[in-house]
2 protein chains.
Amino acid sequence: MPKQVDHDSRRRHIAQAVCELIGRRGLEGATLREVAAQAGVSMGAVQRCFRAKDEMLVFAQEHVNRRITERARARIAESPQPGSVTTMLEQTLVAMLAVDGEDLLDARVWMAFTAQATLDPALAEVQRGHYAGLTELLTVLLRTGQESGQIRAEVEPETEAEALIALADGLTVQVLLGRHSPESARAAIRRRTTALLRT
Amino acid sequence: MPKQVDHDSRRRHIAQAVCELIGRRGLEGATLREVAAQAGVSMGAVQRCFRAKDEMLVFAQEHVNRRITERARARIAESPQPGSVTTMLEQTLVAMLAVDGEDLLDARVWMAFTAQATLDPALAEVQRGHYAGLTELLTVLLRTGQESGQIRAEVEPETEAEALIALADGLTVQVLLGRHSPESARAAIRRRTTALLRT
DNA sequence: AGCGTTCCGATACACATGCATCGGAACGAG
DNA sequence: CTCGTTCCGATGCATGTGTATCGGAACGCT
């Protein structure tokens with residue numbers, strides 16, 4: 001057999017380059033030539049990995065979505081008080097914010113893809129899947145909190161999960177626009193999560 | 001004096017064409033040629049109205065922002081119960097949602113511009129100004145509601161206004177992605193506003 | 001070592017876009 | 001009507017983009 005290449009890892013490598021470019025210069029900054037340069041490969045290599053640009057973008061979108069979800073799960077795992085549901089809620093939502101330091105890049109990538117998903121049904125489907133996962137995650141947390149008596153019984157887990165997600169996204173937008181600081185966004189999240197606690 | 005043209009109204013006319021194109025095909029759909037065609041004029045006319053494309057886009061951004069704000073104020077004015085602060089709050093936020101019928105186009109335009117504003121400081125400044133106005137509007141409503149005893153005293157008007165705006169934006173995103181219906185978004189807004197009422 | 005397959009880098013190409021240019025039309029003042 | 005200024009439509013141009021193509025390099029197998 002001839003020369004073999006780990007396609008999947010190369011695809012991830014290129015996807016990372018795409019994300020960095022999108023985070024810095026937006027979707028229109030992710031041209032094939034720029035992507036190749038950023039990834040340190042040639043255009044031909046990129047073309048071999050992805051049949052067309054669309055495919056590359058979808059892969060990059062899934063790439064960043066996966067990272068955001070994993071960041072949320074990781075923060076839950078290393079939560080200081082694993083038993084405290086509100087702490088876990090907060091950590092999850094803060095991870096979704098992704099407005100800290102270099103994570104801020106991911107937030108801009110999220111923004112760019114979400115805006116595009118508004119127009120492209122294929123991208124929209126990917127985002128819907130992403131949000132379905134996050135909703136599930138939060139819903140489970142909320143339900144668990146109710147069962148352990150930490151969260152008020154009248155809270156409707158799924159409905160509340162959707163509201164929290166919307167809040168987090170809206171705050172992300174504000175931070176990206178420079179109207180809120182990451183800290184004030186976190187504070188807003190905290191206010192909302194503590195309000196769910198039983199008094 | 002030679003041929004004279006109402007520049008300002010022509011600029012608005014073109015801005016409207018820009019918004020329709022952006023709402024349908026995104027920012028990249030707003031090429032000078034397409035804009036001219038949509039507006040029913042020639043490229044030369046567009047070039048005479050705006051020195052460069054950037055200027056045209058900023059003008060269009062302000063155009064749609066103005067319409068959103070005016071829609072909010074209008075909804076407040078024609079509110080069924082002008083005295084009810086929560087009704088006014090709801091109307092304002094629903095106007096911000098702009099996910100009804102043809103308003104949905106404006107929501108997509110908002111999304112596109114906001115995503116771009118993440119990368120372009122000039123656009124970001126425009127959006128910050130827009131949000132400052134909305135925040136002021138909501139803050140006043142909340143304060144008024146407190147003074148008339150309709151809204152709980154422990155609510156911090158400005159903080160709450162920011163949270164409501166973030167919620168509305170996040171819900172808009174979800175509707176645009178096709179994950180929420182306009183009705184469910186309105187319901188989420190209603191839940192949040194009624195929660196502010198004194199019990 | 002030799003070979004066949006896979007990969008890659010460069011180039012070619014068609015096309016779109018923003019902007020500049022320019023000749024003439026439109027229109028008000030005299 | 002005549003003139004002079006403003007406007008506009010068409011065209012040209014430089015540039016950047018996605019994709020197709022192709023010759024050769026890299027590499028595993030025999």
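Here is the naming used below: chain letters follow the sequence lines, and residue numbers restart at 1 for every chain.
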Phosphate OP1/OP2 of dC7(D) contacted by H7(B) side-chain N/O (<4.0 Å): yes
Intermediate values then yes/no, side-chain contact (heavy atoms from CB on, under 4.5 Å), E90(B) and R75(B): CA-CA 9 Å; E90(B) 255 184 69; R75(B) 281 186 101 114; over 6 Å; no
Counterpart residues, side chain to side chain contact (heavy atoms under 4.5 Å, CB included), relative to L105(A) (two or more places apart): E20(A), R108(A)
Gap between atoms NE2 and P, on H13(B) and dC8(D) respectively (whole Å): 12 Å
Distance-only donor-acceptor check, side chains Q150(B) and T86(B), under 3.5 Å: no
Distance in angstrom units between E28(B) CD and dG18(D) P, rounded: 10 Å
Protein-nucleotide distance (L21(B), atom CG; dT17(C), atom P), rounded to Å: 11 Å
Under-4.0 Å salt bridge between R10(A) and D6(A): no
Over all atoms of both residues, closest heavy-atom pair of I22(B) and A30(B): CG1-CB, 3.8 Å
Difference in axis direction between the ends of the helix from dA1(C)-dT30(D) to dG30(C)-dC1(D), five pairs, 10°: 0°
Heavy-atom closest contact (G23(A) atom, L119(B) atom, distance): O-CD2, 3.8 Å
Distance-only check: which donor-acceptor pairs under 3.5 Å involve side-chain atoms of residues 39-49 of chain B, not counting sequence neighbours?
residue	atom	partner	partner atom	Å
S42(B)	OG	G44(B)	N	3.2

Within residues 45-64 of chain B: residues closer than 4.0 Å to DNA chain C (heavy atoms): Q47(B), A52(B), K53(B)
Between P of dT11(C) and CG of L32(A), the distance in whole Å: 17 Å
Atom-pair distance (CG on L27(A); P on dT17(D)), nearest Å: 14 Å
CA sep, side-chain torsions, deciding dist, call: R192(B), E160(B), salt bridge (charged side-chain N to carboxylate O under 4.0 Å, His left out): CA-CA 10 Å; R192(B) 204 71 202 87; E160(B) 192 63 36; 3.6 Å; yes
R198(A) versus G149(A), closest heavy-atom pair with distance: CD-O, 3.1 Å
Residues within residues 33-43 of chain A bordering DNA chain D, heavy-atom distance below 4.0 Å: R33(A), M43(A)
Shared hydrophobic cluster for L141(B) and L196(B) (ILVMFWY, side-chain gaps under 4.5 Å): yes
Considering only distance and modelled atom types, tabulate donor-acceptor pairs under 3.5 Å from the side chains of residues 170-179 of chain B, sequence neighbours left out.
residue	atom	partner	partner atom	Å
T172(B)	OG1	A168(B)	O	2.9
Q174(B)	OE1	R179(B)	NE	2.7
R179(B)	NH2	T135(A)	OG1	3.0
R179(B)	NH2	E162(A)	OE1	2.6
R179(B)	NH2	E162(A)	OE2	2.8

